[in-house]
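As structure tokens, the structure follows; a few thoughts come after it.
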Amino acid sequence: MRIHKIAAIGGDGIGPEVIAAGLQVLDACARREGGFALDVTDFDWGSDYYRKHGVMMPQDGTDRLRRFDAIYFGAVGAPDIPDHITLWGLRLAICQPLDQYANVRPTRILPGIVSPLRNVSGPEIDWVIVRENSEGEYAGVGGRVHKGLPEEVATDVAMFTRAGVTRIMRFAFELARSRPRKLLTVVTKSNAQRHGMVMWDDIAAEVARNYPDVTWDKMLVDAMTMRMTLRPETLDTIVATNLHADILSDLAAALAGSLGIAPTANLNPERHTPSMFEPIHGSAFDITGKGIANPIGTFWTGVMMLDHLGEKAAAARLMKAIERVTADPNLHPPDLGGTATTRQVTDAVVRAIARENE
Ligand code: NAI
Ligand code: MG
């Protein structure tokens, strides 16, 4: 029996609700598939922990995570604590030290889900966004001085390193190569930002020489929003900076039907450290505790985690079960225009896993 050690961090808001649902589905998947089990350890880190201890997680939190095979993460953020404290105190405090530099965000329109784009019926959107996840605009370099005085200054310095850009570019070209269309779009803002973004373009061209079989092009991020909306079928794999891909992937999720279905993986591709798997959405205060959070993003995230753990058959089975459930509009939660609860969607996916024969 293969045992995979999973650290589960529900976090805040709807995070614990969707992670509990996700663990139930993953367990059903492991039982149905056989041959492996998940050994799950729960961590109560997040805003409640902060209110008690003044920190989002213990000092040695990240080190404790190192002994796991993967991290399954909900969301962070609470209405009464500033977002930069919660985000930097937990999510970024894990991603950066564990060097999860490749953030991978697949977008597809799942069966039964309707895109808000008038001319899109489904196959037009099949993208993977690769987000540089370790530096750039979220490197944490900057400062704020003379607080509250008229001469106050605040800076956030976008920091791009040759090593950081090269490794994410290689990752993106490899991913593009592994997909049928072998198509990569490199997103920057190199017209206005003439240092880091121009280096990003230069490195893309250098790395591209090793991938003659991959067709690639460049887009400025503002024009990219138009292309995603008006010509989605021309895109496949997309690579962008931490900030740009953060924004583009929320757009991608909305174009594919809802933020509630979008998954992501924070990968350390070399597997020196555990990778972290999370839905894209945040803690969604407006629906917390109502039992209506869409758990599909967390389930799809579970597919990515199973895949990463080498459980390919289980991953494929879970994806099929998810698609079987999304195909039925009666099982759509409110964010998709239906009335189904988190519980109903979860139970339906568990049943679909059991029924799936292949
Ligand atoms: P959000 O993603 O929490 O919510 C945006 C909208 O989408 C809300 O109307 C929410 O109800 C809806 N939504 C999100 N996930 C849903 C789901 N699974 N099912 C149904 N509806 C869903 O983003 P928002 O409101 O900007 O941020 C709320 C908090 O979450 C903030 O504290 C923010 O910092 C944090 N956040 C944390 C993230 C993370 O932990 N990775 C990512 C994004 C935001
Ligand atoms: Mg975001």
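Atoms within a ligand are numbered from 1 in the order they appear, just like the ligands themselves. Excluded from the calculations below are hydrogen atoms, water molecules and symmetry mates; all remaining heavy atoms, backbone and side chain alike, are included.
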Query raised in the report: Between Ile280 and ligand 1, does any nitrogen or oxygen pair lie at a separation below 3.5 Å?
Result: no

Query raised in the report: Which of the atoms of ligand 1 are close to Ala284, meaning less than 4.0 Å from one of its heavy atoms?
Result: 3 (O), 10 (C), 11 (O), 14 (C)

Query raised in the report: What do you reckon, does Ser283 put a non-hydrogen atom under 4.0 Å from ligand 1?
Result: yes

Requested in this report: Indicate yes or no: does an N/O atom of Val76 lie under 3.5 Å from an N/O atom of ligand 1?
Outcome: yes

Query raised in the report: Do Ser134 and Glu132 have a side chain donor and acceptor closer than 3.5 Å?
Result: yes

Query raised in the report: With sequence neighbours left out, which residue pairs that include part of residues 250-284 fulfil the ring-ring contact (aromatic ring centres under 6.0 Å, His included) condition?
Result: Phe277-His308

Query - Pick from Ile14, Thr342, Leu259, Ile296: the one approaching atom 5 (C) of ligand 1 most closely through a non-hydrogen atom - result: Leu259

Query raised in the report: Hey, are Asp99 and Thr273 close enough side-chain-wise for a donor-acceptor pair under 3.5 Å?
Result: no

Query raised in the report: So which of Ile81, Asp80, Leu90, Asp12 actually passes side chain to side chain contact (heavy atoms under 4.5 Å, CB included) with Tyr50?
Result: Ile81

Query raised in the report: Which atoms of ligand 1 sit under 4.0 Å from any heavy atom of Gly77?
Result: 32 (O)

**Report entry** Proximal ligand 1 atoms for Ala293, defined as those under 4.0 Å from one of its heavy atoms
**Finding:** 19 (N)

Report task. Would you mind listing which atoms of ligand 1 come within a distance below 4.0 Å of any non-hydrogen atom of Ala75? Result -> 40 (O)

Requested in this report: Please could you name the atoms of ligand 1 that Gly260 approaches to less than 4.0 Å, counting only its heavy atoms?
Outcome: 17 (C), 18 (N)

Report task. Check whether NZ of the Lys or CZ of the Arg Arg167 lies under 6.0 Å from the centre of the six-membered ring of Tyr101 and within 45 degrees of that ring's axis. Result -> yes

Query raised in the report: Between Asp347 and Arg351, is there a side-chain N and carboxylate O pair less than 4.0 Å apart?
Result: no

Query - Distance in Å, Ile203 CD1 paired with Thr161 OG1, rounded so as to fall on 0.5 Å steps - result: 7.5 Å

Query raised in the report: Considering only heavy atoms of His281, which atoms of ligand 1 have at least one such atom less than 4.0 Å away?
Result: 2 (O), 14 (C), 15 (N), 18 (N), 42 (C)

Report task. Check ligand 1 against Glu278 and write out every atom of the ligand that is under 4.0 Å from a heavy-atom position of the residue. Result -> 41 (N)

Query - Polar proximity ligand 1 side, Asn294 side, N/O cut 3.5 Å exclusive - result: yes

Query - Aromatic ring proximity Phe43/Phe68, centre distance under 6.0 Å - result: yes

